[in-house]
Amino acid sequence: MGLYALVATCEANQVNPEAYLADVLLRVQTHPNSRIGELLPHEWMRRRAADPPESPLKPSP
């Protein structure tokens, strides 16, 4: 149920669920807890559009 909700949230925010999960799963290990909101789909997309990474598998700073 949780994964379905996450994919639905991505789609509602026009975020590619596969790209989102690939990036977030790499970054969540080192991302500060105090900035966890940055990893929500809508915020992730906004930040991604402003500063796209060099490679789809390379996490952005």
Side-chain angles (χ1 to χ4, degrees):
M1 182 76 163
L3 185 57
Y4 177 79
L6 183 60
V7 170
T9 301
C10 285
E11 291 174 351
N13 286 284
Q14 299 173 342
V15 172
N16 177 330
E18 290 179 36
Y20 170 77
L21 286 171
D23 184 58
V24 169
L25 289 174
L26 287 174
R27 295 198 299 138
V28 74
Q29 298 173 16
T30 59
H31 198 79
N33 290 341
S34 60
R35 295 179 21 214
I36 201 74
E38 295 173 1
L39 299 180
L40 295 173
H42 67 282
E43 186 65 19
W44 178 87
M45 180 64 127
R46 185 184 70 76
R47 291 175 170 275
R48 190 80 160 186
D51 188 25
E54 296 171 18
S55 163
L57 296 178
K58 182 179 177 187
S60 55

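Remember, it's a predicted structure, so these values are computed and weren't measured experimentally.
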Supply the atom-to-atom distance [X] [atom1] to [Y] [atom2], rounded to the nearest 0.5 angstrom.
{"X": "Leu40", "Y": "Arg47", "atom1": "CG", "atom2": "CZ", "value": "11.0 Å"}
{"X": "Leu39", "Y": "His31", "atom1": "CG", "atom2": "NE2", "value": "4.0 Å"}
{"X": "Asn16", "Y": "Met45", "atom1": "CG", "atom2": "CE", "value": "8.0 Å"}
{"X": "His42", "Y": "Gln14", "atom1": "NE2", "atom2": "CD", "value": "13.5 Å"}

Exercise for the section: Verify, without hydrogens or angle tests, whether Asn13 (side chain) and Thr9 (backbone) share a donor-acceptor contact under 3.5 angstrom. Expected result: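 Yes: the side chain of Asn13 pairs with the backbone of Thr9.
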
Handout entry: side-chain hydrogen bond (donor to acceptor under 3.5 Å, both in side chains) partners of Glu11, counting only residues at least two apart
Key = none

Exercise for the section: Inspect the surroundings of CD in Glu43 and state if more than 12 heavy atoms from other residues, nucleotides or ligands are less than 6.0 Å away. Expected result: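 More than 12 heavy atoms, drawn from other residues, nucleotides or ligands, come within 6.0 Å of this atom.
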
Handout entry: Cys10 to Tyr20 - nearest heavy-atom pair and separation
Key = SG-CD2, 3.5 Å

Practice task
Heavy atoms only: give me the nearest Pro41-Val15 pair and the separation to one decimal.
Solution key: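 Result for this residue pair: O-CG2, 3.6 Å.
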
Problem - Val24 with Leu3, same ILVMFWY side-chain cluster at under 4.5 Å - result: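 Same hydrophobic cluster.
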
Handout entry: Sub-4.5 Å side-chain heavy-atom contact between Asp23 and Arg48
Key = yes

